[in-house]
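Take a look at the structure set out below.
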Protein chains: 2
Amino acid sequence: MSLDRATMDERVPRDFETLRATILDRRESLPKRIAQIAAYALDNPDDIAFGTAASIAASAGVQPSTLIRFAQQLGFDGFTSLQQVFRERLRERNSSYDERLQALRAKAEGGAGHRSIFDGFVAAASTSLNDISRTLDDAHLEDAISLLAKAETIYVLAKRRSYPVASYIAYALGKLKIRNQLIESAAGLNAEMIAFATPADAVIAISFSPYAPATIDEARSISEQGVPIVAITDSSFSPLAQFARVWFEVAEADFAGFRSLSATMALAMSLTVGVGEKRRSTGKKRKA
Amino acid sequence: MSLDRATMDERVPRDFETLRATILDRRESLPKRIAQIAAYALDNPDDIAFGTAASIAASAGVQPSTLIRFAQQLGFDGFTSLQQVFRERLRERNSSYDERLQALRAKAEGGAGHRSIFDGFVAAASTSLNDISRTLDDAHLEDAISLLAKAETIYVLAKRRSYPVASYIAYALGKLKIRNQLIESAAGLNAEMIAFATPADAVIAISFSPYAPATIDEARSISEQGVPIVAITDSSFSPLAQFARVWFEVAEADFAGFRSLSATMALAMSLTVGVGEKRRSTGKKRKA
DNA sequence: TATGGATTGGAATTATTATTTCATATTCCC
DNA sequence: GGGAATATGAAATAATAATTCCAATCCATA
């Protein structure tokens, strides 16, 4: 019988996620006690990895034999091979956050081949996310979102290395049906574009050291027109900070001379989606 | 004898860090084979956690009895209780990384205010980086870099949500003095631009579901001209995959409907910098 | 409500694995 | 260089754990 079943689905789950999916999939059709141990297994995977058949069975409130039948139903030939999957999961889930980063950095520095470059960029991105998650000031976030939510048009200003962030902001704002204008330099008409901005609008400006002179100039002239600016930059001495109504200091780690954009992207998206949410809730209130 | 020793230092290491320190401390004074297993234990803690005394001893090149003596020297009463410490470490360390992300996600879902949006984006980015770090195939990376390094001009093709990545690639390639062409649609001259590409060039194409039709069309026509394509996409069923000489599957987590770009960015930067390095080393060889 | 099949509990059996023991080798000190 | 103390290897033994088996129970169906 269990032989028949094993022959029918030959593909035994080799990794935890597949196993999990299989269990969830069959959940309905499992006998009571088997279902009981199945639920226990998904809730306490560590216990399965480390325990003995007897101890696990006891914790789950079933007999050891039931545990083995459970394994066999899934196509394993016994508890031991089921347990392997749970152990593999623990092995692969690389280490704690810090250990993982250290390992990545070590590989990035010592390692040969191009994998080490990749590890370096992943480490840089993780570090940046970690840092911004610790240092971001909630009040600044709220202020910036309020300011932007009131704007008629949001201008997005960034050059060079910061430009990808600006283009994603513009894309997202567009998706959310929020009027926006990306200040691009293709036709050299930036000055004219900027001239349209009024104090009822707002600007998101992004610039990191070495600050692109064009960004700074444009930020200056737009702020002189009384348009409020939200700045994302990398230091309190940044020239952008002085023009800005609200500004964020984002420390992006770099690797091989190129800075990660992960933290900036996360912040940029939060501002964008935050504005979207705020507009929607304010809209509702107005109607009410 | 071992009793004496056990009496002398009553405090048996209960956690991994203490144990590690103890081993490092005594390293000098340990007999040869014991030192051998000690080194193995610190280098392969996962093996100690999951292996059997016999299998571990074999991997470390000692007898099982030596392993037990090692445990006893440290004050444990046998291999089994030593193993507990290594298992405990896996249990705890795992929870730390998971807890982090789960805490973030929990805050993102339950939390009030805009901070929760931000946490959501950070969690999505972290998850994506984590995933790609696990799944990226080194051989693909090498292949893609070789292919791109040989190209006369690298064309970069991406629209909409993937466009920010393309623009960062173009920026970085420019910085590295690698000839490249970003295929933009401003003037509607894409077809003409593409027509210049020859089999001596190469393309980096990026597209995620729902695939921008323009990207697919352009990828098709450029591949029909015999230009090799490196694709970054999100599934093996992606239409991009069929045109590509090398392709990467990147699973980006999303939040609030916007996908993180962190993993894609890290990969894109690795390709770019990898090509830069490869060119430089090949250039040197040529001179020599 | 009787009957067959599936499911379950619990003990018996088999296997695997840790530990002990003892003979042999090595090291260190006199 | 000789001898005690220490360390090591290998196999025997004890302990522990996985698996099997069979009787009891449950459940659906006629």
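Predicted model only: the values in this text are computed from it and were never measured. Chain naming here is simple, since letters A, B, ... match the order of the sequence lines and numbering starts at 1 in each.
We find that CG of Leu67(A) is positioned 17 Å from P of dT7(C), with the value rounded to whole Å. Between the CD1 atom of Ile48(A) and the P atom of dA17(D) there is a distance of 16 Å, given to the nearest Å. Following rounding to the nearest Å, Phe70(A) (CZ) and dT8(C) (C1') show an atom-to-atom distance of 16 Å.
Within a heavy-atom distance below 4.0 Å of DNA chain D, the residues of residues 27-38 of chain B found are Pro31(B), Lys32(B), Arg33(B), Ile34(B).
For Gln63(A), the side chain to side chain contact (heavy atoms under 4.5 Å, CB included) partners are Ser65(A), Thr66(A), not counting sequence neighbours.
Contact check on Arg89(A) versus Asp15(A) returns no salt bridge, with no Lys/Arg side-chain nitrogen under 4.0 Å from an Asp/Glu carboxylate oxygen. Under the 4.0 Å criterion applied to side-chain N and carboxylate O atoms, Asp46(A) and Arg87(A) are not assigned as salt-bridge partners. Of the charged side-chain nitrogens involved, none lies within less than 4.0 Å of a carboxylate oxygen, so that Asp25(A) and Arg20(A) do not count as a salt-bridged pair.
In terms of modelled atom types and a separation under 3.5 Å, the side chain of Glu252(B) and the main chain of Ser128(B) share no donor-acceptor contact.
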Counting primed atoms, P, OP1 and OP2 as sugar-phosphate and everything else as base, the B/S/- map of nucleotides 13-21 of chain C against protein heavy atoms under 4.0 Å is ----SSBBB
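Phosphate contact (OP1/OP2 of dT8(D), side-chain N/O of Gln63(B), threshold under 4.0 Å): absent.
The aromatic rings of Tyr168(A) and Phe258(B) stand perpendicular to each other, their planes meeting at an angle above 60°, with 30° marking the opposite boundary.
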Checking salt bridge (charged side-chain N to carboxylate O under 4.0 Å, His left out) for the pair Arg259(B)/Asp234(B): CA distance, chi angles, key distance, verdict?
-> CA-CA 11 Å; Arg259(B) 216 159 288 188; Asp234(B) 58 356; 3.4 Å; yes
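Tyr40(A) and Ile56(A) make their closest contact through CE2-CG2, 4.1 Å (heavy atoms, listed as atom of the first residue, atom of the second, distance).
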